[in-house]
Amino acid sequence: MLDRLAPKKKLDEFVDKWFHDKTEGTLIAAFHAFQAPSDFENLLENRHCTVSSTARFRQASGRPPKARAVWKKGSPFRGLEAFEFEHAPVFFGRTKAVSDILQALRSQASGSARSFVLVLGMSGGGKSSVVRAGVLPMLTRPGVIEGVDVWRRAVFRPTDVRGDLTCLAQALLRENALPSLDEDKDGPGELAQVLRNSPQAAASMIKGALSREKRKNGEKADARLALLIDQMEEMYTQHEVTQADREAFVDVLDALARCGRVWVIGTLRSDFYQAVGKIRKLVALKEGDGQYDLLPPTASEIGQMIRLPTRAAGLRFEEDPASSDRLDDMLRDAAAEHPEVLPLLQFTLEELYPARTRRTGNADPGCLS
């Protein structure tokens with residue numbers, strides 16, 4: 001028995017000698033500090049795993065490594081469409097934004113009793129994808145928010161139904177949200193009337209539906225609803241929507257965000273902020289940590305947006321054998337210089353996916369060129 005423990009004892013002595021400061025009781029080597037999950041992601045992807053493993057494989061085989069596909073639902077890119085909830089496995093490059101928005105939601109829910117965050121950003125900056133494929137999948141994962149094990153989600157845009165609160169009512173009645181709200185089978189029209197005429201009554205109805213979800217999943221589980229209003233500027237692009245309609249809409253959001261069981265996220269183009277700011281209740285709703293300004297992605301984040309979905313689909317980018325220039329590096333550098341072209345970048349990547357087998361002379365279906 002002692003012979004079997006001898007190797008471990010030697011290993012412990014080695015670690016204590018070279019990696020520990022016994023005086024301070026701290027590590028002095030074999031670790032890397034990071035402040036946030038996004039910092040860890042950058043260290044892992046850019047410094048440690050990718051470079052070393054790729055270089056070693058290339059030295060051993062003379063060719064780049066073949067990625068193992070974990071995404072098998074077609075193209076990992078979305079072109080000009082937003083990434084949706086189901087695309088979370090191929091949504092990369094926004095770890096910091098997702099973490100910051102989640103922290104803002106936690107802060108609003110615990111500190112101000114207003115579970116509301118408004119995400120502002122430029123047109124084409126990726127707000128919809130960040131909240132749909134980044135924030136919502138992480139927020140609704142059991143255990144991410146302490147004490148909440150059951151999440152329902154409702155997602156909509158104001159233009160889903162023009163002119164009234166039926167768009168919100170429809171979203172609330174969908175399968176992933178709270179279909180039990182329609183127990184009397186009156187449909188979204190009846191629920192829309194309740195939302196408009198009595199936001200507090202609607203909040204009580206939603207709390208009751210969440211309590212039923214809690215009972216279905218066990219008394220120890222707590223239930224919440226994540227409500228996303230995407231592209232809130234559309235309240236101002238519909239000619240038939242009046243200022244009274246907009247204020248009634250915000251009244252509902254205010255009642256839901258303050259009821260303690262609904263976490264509300266909105267996205268808004270920055271150039272519409274001044275108009276929306278005229279609704280005082282919305283300004284009050286986002287006080288504290290209730291506003292998040294989504295900045296353009298860094299060059300490193302753009303690189304992740306390009307490379308990591310590609311790897312997840314088991315693909316790789318072409319490399320010029322003469323110059324060793326890589327297509328993904330060229331795309332990253334071009335997009336980093338002009339962040340406003342992010343939609344065009346996704347469109348280009350989406351076009352490269354089918355072209356990998358159509359392009360003359362490219363017989364490798366796993367190579368994007």
So OG1 of T95 and CD of Q304: to nearest 0.5 Å the spacing works out to 6.0 Å

Smallest heavy-atom separation, P297 atom then I302 atom, equals CG-CG1, 3.7 Å

| Just wondering, do M122 and R269 contact through their side chains at under 4.5 Å, heavy atoms? | no

Of all heavy-atom pairs linking Y353 and G74, the shortest is OH-C, 3.4 Å

D254 side chain vs V250 backbone, donor-acceptor pair below 3.5 Å:
no

Review point. Is the side chain of E301 donor-acceptor paired with the backbone N or O of K96 at a distance under 3.5 Å, no angle test?
Key: no

Does V148 share a hydrophobic cluster with F116, counting links as ILVMFWY side-chain heavy atoms below 4.5 Å and allowing steps through other members?
no

Sorted by chain and number, sequence neighbours left out, side chain to side chain contact (heavy atoms under 4.5 Å, CB included) with A171 holds for A154, F156, R174

Applying ring pair (Phe, Tyr, Trp, His ring centres under 6.0 Å) to F249 and not counting sequence neighbours gives none

When every non-hydrogen atom of P296 is compared with those of P339, the smallest separation belongs to CB-CB, 3.6 Å

Heavy-atom side-chain proximity of Q243 to I279 below 4.5 angstrom:
yes

- Hydrophobic cluster membership, V276 vs L294, 4.5 Å side-chain cutoff: no

Check your understanding: Any donor and acceptor pair, going by atom type alone, linking the side chain of S107 with main-chain N or O of A104 inside 3.5 Å?
Key -> no

The reported gap from NZ in K281 to NZ in K286 (rounded to nearest 0.5 angstrom) is 16.0 Å

ask   = If only atom types and distance count, is the side chain of R106 paired as donor or acceptor with the main-chain N or O of I145 below 3.5 Å?
value = no

Discussion item. Determine whether a donor-acceptor pair (N or O, by modelled atom type, separation under 3.5 Å) exists between the side chain of T267 and the backbone of Q231.
Written reply: yes

One should read off an interatomic distance between R141 CZ and D149 CG, to the nearest 0.5 angstrom, of 14.0 Å

Does any non-hydrogen side-chain atom of F83 lie less than 4.5 Å from one of Q346? yes

Connected to V341, directly or through other members, by ILVMFWY side-chain contacts below 4.5 Å are L80, L344, F347

If only atom types and distance count, is the side chain of H87 paired as donor or acceptor with the main-chain N or O of E84 below 3.5 Å? yes

Residues R332, D329: salt bridge by 4.0 Å N-O rule
yes

Query raised in the report: Can you find a pair of side-chain heavy atoms, one from D328 and one from R316, that are under 4.5 Å apart?
Result: no

Is any side-chain heavy atom of R152 closer than 4.5 Å to a side-chain heavy atom of L210?
yes

Tightest non-hydrogen contact, residues R157 and C167, listed as O-CB, 4.0 Å

Quiz item: When you measure from the side chain of E234 to the backbone N and O of T159, does any donor-acceptor pair fall under 3.5 Å?
Solution: yes

Smallest heavy-atom separation, A203 atom then L256 atom, equals CA-CD2, 3.8 Å

d(M205 CE, C259 SG) to nearest 0.5 Å is 13.0 Å

- Evaluate the side-chain proximity of V262 to R224: yes if any heavy-atom separation is below 4.5 Å, no if none is. no

* For the pair R196 (side chain) and A248 (backbone), establish whether a donor and an acceptor sit closer than 3.5 Å, ignoring hydrogens and angles. => no

Task: Under 3.5 Å: donor-acceptor pair, side chain of R94, backbone of V98 - done: no

Can the positive tip of R307 be found less than 6.0 Å from the middle of the six-membered ring of F317, inside 45° of the ring normal?
no

- prompt: Under a 4.5 Å side-chain heavy-atom rule over Ile, Leu, Val, Met, Phe, Trp and Tyr, are Y292 and V131 clustered together?
  reply: yes

- prompt: So, the side chain of R246 versus the backbone of V241: is there a donor-acceptor pair under 3.5 Å, distance only?
  reply: yes

key: Joint hydrophobic cluster, L105 plus I229, side-chain heavy atoms closer than 4.5 Å   = no

Residues L228 and R132: closest non-hydrogen pair is CD2-CG, 3.7 Å

Between the CE atom in M330 and the CG atom in D320, the distance rounded to the nearest 0.5 Å is 9.0 Å

With sequence neighbours left out, the residues meeting side chain to side chain donor-acceptor pair (under 3.5 Å) with T242 are D245

Under a side-chain separation threshold of 4.5 Å, the hydrophobic residues clustered together with V70 are none

Residues passing the side chain to side chain contact (heavy atoms under 4.5 Å, CB included) test with K278, sequence neighbours excluded, are none

Item to complete: Give the ring-plane orientation class for W263 versus W151, where under 30° counts as parallel, over 60° as perpendicular and anything between as tilted.
Response: perpendicular

Is it true that L195 and L282 fall in one hydrophobic cluster, defined by side-chain heavy atoms closer than 4.5 Å? yes

- Item | Side-chain touch L118/I265, heavy atoms, less than 4.5 angstrom | no

Discussion item. Using side-chain heavy atoms (C-beta onward) and a distance below 4.5 Å, is F85 in contact with V155?
Written reply: no

Rounding to 0.5 Å, atoms CD1 (I101) and CD (Q103) come to a distance of 12.0 Å

